[in-house]
Amino acid sequence: MEKLNRRTTLKLMGLGAAFLAAGGRGFAQQAPSADQLVKGKDAKLLVLSQRPIVLETPFDLLASQPERTPKELLYVRNNVDLPGYNTVEGAGLEGWTLEVGGLVDKPFTVEAKELLALPQHEVTMVLQCSGNGRSLYQPRTSGNPWGRGGVGNVTFRGVRLMDLLAAKGAKPTEKALFITAHASRQGNAAEFVRSVPIQALENALLALAMNGEPLPAVHGGPVRLVFPGYFGVNNVKWVVKVEFAEAENTTAEQMPRYRVPTIPNTHLPFLPQEPGSRYPYSFTNSRPNWLVNVNSFVFAPLEGQTVEGPYVRVEGVAFNDGIVPIVSVEVSTNGGRTWHQAALERTGKSYGWVRWRTTLYLRPGEHEVMARAWDAAGRSQPLDGNLAWNERGYEYNGVMRVRFTVA
Amino acid sequence: MRKSWLLPSLAIGLGLLGYLALGQPTLPEGPGKELVLAKCQTCHDIGLVARERLSRERWDAVLDEMALQGLKLTPEERSAILDYLATYLGTTPPPPPPAAPEAKKTGAQVYTNCQGCHGLQGEGNPPLFPPLKGHVAKLLGSEGGRSYLLLVVLYGLQGEIQVEGQVYNQVMPGFAWLSDEDLALVLNHLLSFGAPAGILPYTPEEVKAARATPLTPEAVHALRQRLKLP
């Protein structure tokens, strides 16, 4: 064998590096793109973290699909990396079992494929990471620096948890105040457990499909427990166990993560904090990120766009927790001094977002438009979202401002 | 024979690893960086940590949270990590990296003046330039050899000489324009080519003293003829 000395080895190493540097964009890019991390995702999604996978939908792409967010574009916020599940293809139901227990008179185990035989139910809902908009908080908070693209409007289809309980003749006991869901730990995955209040049972859905297709594996397929109106984190992916419990579970995803400060033992929306300060999170002085707060986004015009004037179509979406309807969306072009009512696509309660639009008469030049939603419970969005500043940057719903030019 | 592909592929693999490592977002240099990498990279893409800018208090809270997630740290590790994070990933710009202490000149650096003729390792270039390796040891071993070596470097040499049975007759320029310190350094570097035990290292003071009585290259040649070389 020809002897390879150090010099030859170094030369070959240099050759290898040169080959790589020259060899195609795929190699030349330093970090993998979204489609390389998750099979079937749009390559333009922003990679916020590779491990576990966190992908944000660029706002213009989100706005390009105002009806429903397709699986290729939907954001990903995984706390757990389940080996082999980084694809938008559906995961097999075969062999997947779901355990229902805790404070229920008749605990049982069900095969996931049995769920297909039960009545199927569909719900269109906003799926939003509770950290969405986090990067708008000042000073910056810890966590993935979401812009506004940690959100999507999707249609889940599956079996209502209530229907499954009824089919099995099981009933939660009176002591059951919370529903706790556990994600699969296959492949030694980290623990992921979340609890929601028992009243969420009314709409809880064991989702098997999304947007008319098998539930993508990366979004929790084959079975995801979804709670319409609740922030994304509560919609436990790859669910294997549902427990009825007397109290919230005590794992890190329930406390101190995914919580905002509140006055002790109240469920006020939040307790204002000095931005940049620390807070001693406990079960009593904070509440979990449960129900989605009122929010609205401007989908057109987009930031920095130049549009034809003087009549400018302004449109977007608005949503809340679905408990009461969104009753109005207002638009201002003078920094909030006066507001102009936009037309809603529909009225009535909805877990999905409601589209709104209006036409403004604007002179040529630079403009800034703001949008603010109101719901029937009188809830709205703060003009300055920073007043809800919290250490971990959750639940931002400040009024969105978009600057654009009228030609 | 079957293993002939092993080394090239290993080399290319190493090149690839190096290339990829250079391409990843990294943490700023600073004490504690390795510890942070070791502890955080177990679960996180390090980019997630590298882009944070938080106050010491809030990094402290993040560490508390990570402890809940199962991060195991000794109190010393914890404070080292917190110091690193608060300093280099804090709300104020990190301190500039400690200025590298002015690199001390080495004899090898001064020897670059000599290596064009005498070779990188003092191997020489016969028949034009004699080797230093081995020959220097013989010079130093003879009586008066130590001061001759200083003088030949300082003032140069002209005249026919014999080294290892080979005749050389070229002019060697003197290096009096180098500083006393540099000359002492390069002379001591020559000692590394082989010197008998007990030879004292040259000092800048010795060089300075030798400058007091300037010599011509011919005079240095005469000195050399008087050395009892084997």
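Protein chains get the first letters and strands the later ones, always in sequence-line order, with residue 1 at the start of each.
Proximity to chain B (any heavy atom under 4.5 Å) is shown, for A:T251, by neither the backbone nor the side chain.
Interface with chain A: from residues 63-80 of chain B, residues B:D64, B:E65, B:L68, B:Q69 qualify, criterion being any non-hydrogen pair under 4.5 Å.
Ranked by non-hydrogen atom pairs under 4.5 Å with chain B, the options A:P145, A:P139, A:S277 are led by A:P145. Of the listed residues A:S142, A:A252, A:P280, A:A190, the one with more heavy-atom pairs under 4.5 angstrom with chain B than any other is A:S142.
A:L55 approaches A:V47 most closely through the heavy-atom pair CD2-CG2, 3.9 Å.
Residues A:Y75 and A:W146 place their aromatic rings such that the two centres sit under 6.0 Å apart.
Here B:I199 pairs with B:L140, B:R146, B:L191, B:P196 under the side-chain contact (heavy atoms from CB on, under 4.5 Å) rule; sequence neighbours left out. Listed by chain and residue number, B:D83 satisfy the salt bridge (Lys or Arg N to Asp or Glu O under 4.0 Å) test with B:R56 (two or more places apart in sequence, or in another chain). For A:Q254, the side-chain contact (heavy atoms from CB on, under 4.5 Å) test picks out A:R194, A:S195, A:E248, A:N249, A:R259, A:F283, A:P288, A:W290, with sequence neighbours left out.
No salt bridge links A:R51 with A:D81; every basic N to acidic carboxylate O contact stays at or beyond 4.0 Å.
Each of B:H135, B:H118, B:Q166 was evaluated against B:P130; a single residue qualifies, B:H118, per the side-chain contact (heavy atoms from CB on, under 4.5 Å) test.
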